[in-house]
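The structure under discussion appears below in the form of structure tokens.
Note that the numbering runs from 1 along the sequence shown for the chain. Counting starts at 1 for both ligands and their atoms, following the listed order.
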Amino acid sequence: MALDEIAISRAIIESYSRKLVNALDVDVAIVGGGPSGLVCGYYLAKAGKRVVLFERKLSIGGGMWGGGIMFNEIVVQAQARNILDEFDIRTTEYEKGYYLADSVESVSTICSKAVKAGLKIFNLLSVEDVMVRDQTVRGLVLNWSAVEIAGLHVDPITMRSKFVVDATGHPAEVAKIIAKKSGIQLATKSGGLMGEQSMWAEVGEETIVENSREVCPGFYVCGMCANAVFGGPRMGPIFGGMLLSGEKVANELIRKL
Ligand code: 48F
């Protein structure tokens, strides 16, 4: 059979367009494809919820590929090991309570299982704004990352979701937009973003799970973003808190939906 380039093009355009149209009205929209967002998306999809994830970059995985200082190993504490077990990611015990996993195996396996569970991932799409109605976050405003990077004057499109999850890591991008533009008070001490604190792995890992929660109606945070919003420390290349925080927000949303 001769291959027809036009058939290949048509297949991709038709299939992607369908996928994007189906993503315009869903239960949960997650922003950011790092470890917390991917884990959150996995549990929601596994529970049968309609969930999509938008990632600015070409590759999914955020800061997990590089382990610590590009040494591609991650450390996970005992409390989070069962999440790696759930994904069938191999771990070795380094010292009592410290488990090591290969960061490439971790990202690729979480991503693969999340997609197979039904999470729809859109890479190369950036969230540049939110849709707010009645003081509630109701959706996202999206544009191609290429448009953003090139600084082109091209208008975005909008999607609707019952809940939005900010999993954008250190910059807490969606929370910042809400604080700046919506007039909604966030559920923090100041009513705005508290900002992340300097490195303290133990406290950071504890507070990140506490802080992964609803910040205003329709809007949740998980992962490093949660500590950036509520003022907890960063924690470096220990990843248990990221996984647990994604799981926690997914479970809360599953209860609500
Ligand atoms: O930073 P990231 O990996 O977030 P995380 O899940 O994990 C943090 C750890 O990697 C590490 C750490 C461990 O102790 O602190 O930093 O909290 O992934 C965030 C993803 O969000 C994407 C960004 O490209 C990255 O892949 N992102 C950020 N802003 C946007 C976005 C945006 N406006 N639209 C779409 N994607």
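- For R90 and E105, the salt-bridge test passes: some basic side-chain N is under 4.0 Å from an acidic carboxylate O.
- A side-chain donor from one of D166 and T168 sits under 3.5 Å from a side-chain acceptor of the other.
- Contact check on K181 versus D129 returns a salt bridge, with a Lys/Arg side-chain nitrogen under 4.0 Å from an Asp/Glu carboxylate oxygen.
- Close approach of ligand 1 to S36 is summarised as follows: ligand atoms under 4.0 Å from at least one heavy atom of the residue are 5 (P), 6 (O), 17 (O).
- When only interatomic distances are considered, the shortest N/O to N/O separation between S126 and ligand 1 does not fall below 3.5 Å.
- Every atom of ligand 1 with a heavy atom of I238 under 4.0 Å away is listed here by number and element: 14 (O).
- Polar contact with ligand 1: absent for V31 (N/O pair, distance under 3.5 Å).
- If you check each of G236, G204, C40 against atom 13 (C) of ligand 1, the one with the closest non-hydrogen atom is G236.
- Under a 4.0 Å criterion applied to the non-hydrogen atoms of L125, ligand 1 contributes the atoms 35 (C).
- With no hydrogens or angles considered, no side-chain donor-acceptor pair links N143 and S126 at under 3.5 Å.
- The atoms of ligand 1 that sit less than 4.0 Å from any heavy atom of G62 are 3 (O), 18 (O), 26 (O).
- Heavy-atom contacts of G223 reach the following atoms of ligand 1: 17 (O) (cutoff under 4.0 Å).
- Looking only at protein heavy atoms, the nearest one to atom 23 (C) of ligand 1 is E55 OE2, 3.5 Å.
- Atoms of ligand 1 lying under 4.0 Å from any heavy atom of M235, numbered from 1 in the order shown and given with element: 14 (O).
- In terms of protein heavy-atom proximity, atom 7 (O) of ligand 1 is closest to M242 SD, 3.4 Å.
- Under 4.0 Å from ligand 1, the heavy atoms of F54 that appear belong solely to its backbone.
- Counting only heavy atoms of the protein, atom 2 (P) of ligand 1 lies nearest to G63 N, 3.9 Å.
- Residues Y42 and E86 bring a donor and an acceptor atom of their side chains to less than 3.5 Å of each other.
- The aromatic rings of W144 and Y16 are tilted relative to each other, their planes meeting at an angle between 30° and 60°.
- Here A167 has backbone heavy atoms under 4.0 Å from ligand 1, and that is the only part of it that gets that close.
- The shortest contact between atom 9 (C) of ligand 1 and any protein heavy atom is with F239 CE2, 3.7 Å.
- Considering backbone and side-chain atoms alike, M224 places an N or O below 3.5 Å from some N or O of ligand 1.
- Taking 4.0 Å as the cut-off between side-chain N and carboxylate O, D27 and K162 count as a salt-bridged pair.
- A salt bridge links K256 with E214: the closest approach of a Lys/Arg side-chain nitrogen to an acidic carboxylate oxygen falls below 4.0 angstrom.
- F219 does not carry R138 over the face of its six-membered ring by the limits of under 6.0 Å from the centre and within 45° of the normal.
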